[in-house]
Number of protein chains: 2
Amino acid sequence: MTIVFNDREKCGSCPIRHRAICARCDDDELAQLENIKFYKTFEAGQPIIWRGDELTAFSSVVIGIASLSRTMEDGRTQVVGLLLPSDFIGRPGREYVDFDVTAVTDVTLCQFQRKPFENLVEDVPHISQRMMEMALDELNAAREWMVLLGRKTAREKIATFLEMIVRRSTVPSHSVTTYTLPLTREEIGDFLGLTLETISRQLSKMKREGIIEFEGRRNFVIKDLAALHLATGDDADGGVIV
Amino acid sequence: MTIVFNDREKCGSCPIRHRAICARCDDDELAQLENIKFYKTFEAGQPIIWRGDELTAFSSVVIGIASLSRTMEDGRTQVVGLLLPSDFIGRPGREYVDFDVTAVTDVTLCQFQRKPFENLVEDVPHISQRMMEMALDELNAAREWMVLLGRKTAREKIATFLEMIVRRSTVPSHSVTTYTLPLTREEIGDFLGLTLETISRQLSKMKREGIIEFEGRRNFVIKDLAALHLATGDDADGGVIV
DNA sequence: CATCGTTGTTGATCTGAATCAAAGCGGCTT
DNA sequence: AAGCCGCTTTGATTCAGATCAACAACGATG
């Protein structure tokens with residue numbers, strides 16, 4: 001499960017602010033969290049936890065990006081979600097995970113011991129309320145992605161992906177906004193249900209059309225945001241419902 | 001959002017037992033639910049609520065099947081979930097819905113007025129805990145479906161769909177177990193990200209191979225469960241993690 | 001700075017599913 | 001019973017994206 005935190009300055013020494021856990025926590029609850037908390041880091045490409053493994057701790061991503069994926073017996077793999085800083089791994093009341101979690105970049109996790117954390121969820125009502133909201137946000141995102149996987153063309157998929165990168169990027173410091181692809185072409189393919197060759201070809205096509213421009217392999221600039229959005233196949237309002 | 005209830009005999013006059021709401025409710029809480037509850041029916045094919053519409057009530061399906069879907073501007077549609085009896089429509093703290101909800105068969109809903117229901121969620125901790133669990137179950141199901149949409153072949157998709165029908169069907173009374181497709185070929189296609197012709201062709205092929213047998217258009221018998229499972233492309237354990 | 005491994009690009013070809021098209025059912029109405 | 005309508009099947013053809021293959025660009029390493 002993936003949980004989004006906000007920017008409330010709490011939760012002791014954590015470099016990020018745990019909205020889910022802390023937004024409405026009192027000092028006593030914060031102290032409890034502080035007691036059961038520890039950090040762990042993973043190198044890019046390393047598995048964090050495998051499908052079916054026992055979950056000894058709940059974790060939130062502090063730095064880096066992890067992927068949630070499933071690989072079929074013959075090697076076909078589908079990425080079902082990206083875990084960005086402040087997203088959450090684990091689920092109260094279940095002691096194993098259902099998907100592989102892999103560090104895409106170097107990743108630092110803030111982990112909470114399972115049993116004490118579960119007790120806290122049980123005892124403190126606003127935590128489960130917040131976790132319900134976050135799970136529902138994730139559920140919505142997953143369903144939007146189902147539309148992409150089931151019905152969009154390669155071009156639409158990639159345009160949607162690029163737009164997502166732009167939307168989820170932290171606001172950059174430069175005036176010319178350069179964004180970074182956090183994934184290889186192969187990983188993007190596994191996320192969009194395409195092959196790496198198709199990703200490469202479609203990106204080249206958009207480059208030729210003047211929609212995007214690359215600086216190296218990973219960094220890109222949006223030259224024509226309107227054309228990019230048009231290519232997504234989404235409604236004009238960009239998915240926001242009035 | 002979709003929520004699964006259990007078979008606890010509670011919640012007053014409701015023909016089904018609302019696990020989420022009632023499993024741990026005391027008499028006072030049940031009385032409150034009873035006060036804000038009413039029924040509504042929809043004919044097969046009718047829209048129940050459109051994407052973006054204001055949500056005046058939370059509903060659980062009592063009888064029938066509804067679909068959750070998104071239609072793109074050019075008519076491509078993707079079904080992102082099926083709502084079976086005891087599934088739930090609506091989400092606390094949000095006054096609109098993100099997908100179209102349509103009655104697939106005749107549908108009876110048990111509805112709860114929005115504001116009082118939200119208050120109940122806020123006041124009674126075990127309700128949000130249970131709703132969190134249900135949301136996470138749905139999230140898992142959605143992610144499994146993402147693997148299907150992104151990486152499975154037409155044959156694998158249909159085998160997985162048939163297996164799902166079998167798994168989710170209420171145990172039949174006959175010794176020869178006949179199952180019923182709740183959807184037309186077109187609806188199955190929209191659920192699996194395929195066209196109705198592909199559905200028809202693949203079903204014919206499985207019929208020819210002796211895996212299934214049809215009685216009319218909608219009713220079928222599994223003649224070779226092992227072959228069906230093999231065709232899903234899933235692990236041998238059927239997705240259950242030990 | 002030469003080498004090697006990884007990642008990315010581009011071309012040629014193949015193929016699974018979509019699309020286009022035409023019948024074949026049932027079930028319903030009149 | 002005839003006719004109609006929505007659903008389904010089946011065939012012919014097309015096409016988007018996969019697959020196979022070669023090479024280019026880059027970064028790390030000695």
Side-chain angles (χ1 to χ4, degrees), chain A residues 43-46 67 72 74-78 102 104-106 148-162 180-209 212-220 231 233, chain B residues 43-46 72 74-78 102 104-105 148-162 180-209 212-220 231 233:
Chain A
E43 281 180 26
Q46 298 293 76
S67 73
M72 295 171 70
D74 60 2
R76 281 176 284 175
T77 104
Q78 178 66 45
T102 313
V104 171
T105 64
D106 287 355
L148 175 143
L149 291 173
R151 288 303 185 200
K152 289 192 174 181
T153 64
R155 183 184 171 86
E156 288 170 339
K157 285 177 174 181
I158 289 173
T160 305
F161 175 74
L162 291 178
T180 304
L181 292 178
L183 307 173
T184 65
R185 304 293 188 260
E186 184 173 22
E187 289 165 333
I188 296 172
D190 286 341
F191 196 23
L192 299 176
L194 298 168
T195 59
L196 64 102
E197 293 95 331
T198 300
I199 303 295
S200 181
R201 271 185 249 274
Q202 292 290 340
L203 286 176
S204 297
K205 189 147 171 273
M206 288 187 179
K207 203 167 57 185
R208 256 180 279 126
E209 292 171 2
I212 52 176
E213 198 159 274
F214 271 87
E215 299 164 357
R217 308 167 168 203
R218 293 298 192 93
N219 298 314
F220 67 97
Chain B
E43 282 181 26
Q46 299 293 76
M72 295 171 69
D74 60 3
R76 281 176 283 175
T77 104
Q78 178 65 46
T102 313
V104 171
T105 64
L148 175 145
L149 291 173
R151 288 304 185 199
K152 288 191 175 182
T153 64
R155 183 184 170 85
E156 289 169 339
K157 285 177 175 181
I158 289 173
T160 305
F161 175 74
L162 291 178
T180 304
L181 291 177
L183 307 173
T184 65
R185 304 293 188 260
E186 183 173 21
E187 289 164 334
I188 296 172
D190 287 341
F191 196 22
L192 299 177
L194 298 168
T195 59
L196 64 102
E197 292 95 331
T198 299
I199 304 296
S200 181
R201 271 185 249 273
Q202 292 289 341
L203 286 177
S204 298
K205 188 147 170 274
M206 289 188 178
K207 202 167 59 187
R208 256 181 278 126
E209 292 172 3
I212 52 176
E213 198 160 272
F214 271 88
E215 299 164 356
R217 309 167 167 201
R218 293 296 192 95
N219 298 315
F220 68 96

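Letters A, B, ... are given to chains in the order of the sequence lines, protein chains preceding strands, and every chain is numbered from 1.
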Legend entry - Over 12 foreign heavy atoms within 6.0 Å of CD, B:E213: no
Inset, instruction - Enter the inter-axis angle for the ends of the helix from C:dC1-D:dG30 to C:dT30-D:dA1 (five pairs per end, rounded to 10°). - result: 30°
Inset, instruction - Answer whether the closest heavy-atom distance between the side chains of B:Q202 and B:K157 falls below 4.5 Å. - result: no
Legend entry - Interatomic distance, A:I188 CD1 vs C:dT7 P [rounded to whole Å]: 13 Å
Inset, instruction - Evaluate the criterion side chain to side chain contact (heavy atoms under 4.5 Å, CB included) for residue pair A:Q78 and A:M72; output intermediate values, then yes/no. - result: CA-CA 8 Å; A:Q78 178 66 45; A:M72 295 171 70; over 6 Å; no
Inset, instruction - Send over the distance from B:L192 CG to C:dA17 C1', rounded to a whole Å. - result: 13 Å
Inset, instruction - Take the protein atom CD1 of B:I158 and the nucleotide atom C1' of C:dA17, then report the distance between them rounded to whole Å. - result: 11 Å
Legend entry - Interatomic distance where CD belongs to A:E186 and C1' belongs to C:dT9 [whole Å]: 15 Å
Legend entry - Non-hydrogen atoms of A:A231 and A:R155 that approach each other most closely: CB-NE, 4.0 Å
Legend entry - B:R201 CZ to C:dA23 C1', straight-line distance once rounded to whole Å: 14 Å
Legend entry - Spacing of CZ belonging to B:R217 relative to CG belonging to B:L181, to within rounding of 0.5 Å: 12.5 Å
Legend entry - Positional range of nucleotides in DNA chain D within the contact set of chain B, heavy-atom, under 4.0 Å: D:dG6 to D:dA12
Legend entry - A:G216 or A:R155, whichever maps to the more 5' nucleotide of DNA chain D: A:R155
Inset, instruction - By nearest nucleotide on DNA chain D, pick out whichever of B:R218 and B:R151 is the more 5' one. - result: B:R218
Inset, instruction - Mind listing the closest non-hydrogen atom pair of B:F220 and B:I212 along with its distance? - result: CD1-CG2, 4.4 Å
Inset, instruction - Step through the shown structure and confirm whether more than 12 heavy atoms of other residues, nucleotides or ligands are within 6.0 Å of CD on A:E215. - result: yes
Inset, instruction - Using atom CZ of B:F214 as one end and atom C1' of C:dC25 as the other, report the distance to the nearest whole Å. - result: 15 Å
Inset, instruction - Starting from the 5' end of DNA chain C, give me the residue, B:R217 or A:L183, whose nearest nucleotide shows up first. - result: A:L183
Distance-only criterion, 3.5 Å: show the donor-acceptor pairs between side-chain atoms of residues 186-201 of chain B and protein atoms not counting sequence neighbours.
| residue | atom | partner | partner atom | Å |
| --- | --- | --- | --- | --- |
| B:E187 | OE1 | B:T184 | N | 2.8 |
| B:E187 | OE1 | B:T184 | OG1 | 3.4 |
| B:D190 | OD1 | A:R151 | NH2 | 2.9 |
| B:D190 | OD2 | B:T77 | OG1 | 3.2 |
| B:T195 | OG1 | B:T198 | N | 3.4 |
| B:T195 | OG1 | B:T198 | OG1 | 3.1 |

Inset, instruction - Give one of base, sugar-phosphate or nothing for A:T195, where a contact means two heavy atoms less than 4.0 Å apart. - result: base
Inset, instruction - Select base, sugar-phosphate, or nothing to describe what B:G193 touches, counting heavy atoms under 4.0 Å on all strands. - result: sugar-phosphate
Inset, instruction - Remember a base hit wins even if backbone is also touched, and classify A:L196 as base, sugar-phosphate or nothing at under 4.0 Å, heavy atoms. - result: base
Legend entry - Value rounded to 0.5 Å, distance of CZ in A:R76 from NZ in B:K152: 8.5 Å
Inset, instruction - Using a heavy-atom cut-off of under 4.0 Å over every strand shown, decide if B:S200 touches base, sugar-phosphate, or nothing. - result: base
Inset, instruction - Take atom CD of A:E197 and atom P of C:dT13, then tell me their distance rounded to the nearest Å. - result: 16 Å
Inset, instruction - Please check if the side chain of A:Q46 supplies one atom and the backbone of A:E43 the other of a donor-acceptor pair under 3.5 Å. - result: no
Inset, instruction - Provide, to the nearest angstrom, the distance between the CG atom belonging to B:D190 and the P atom belonging to C:dA17. - result: 17 Å
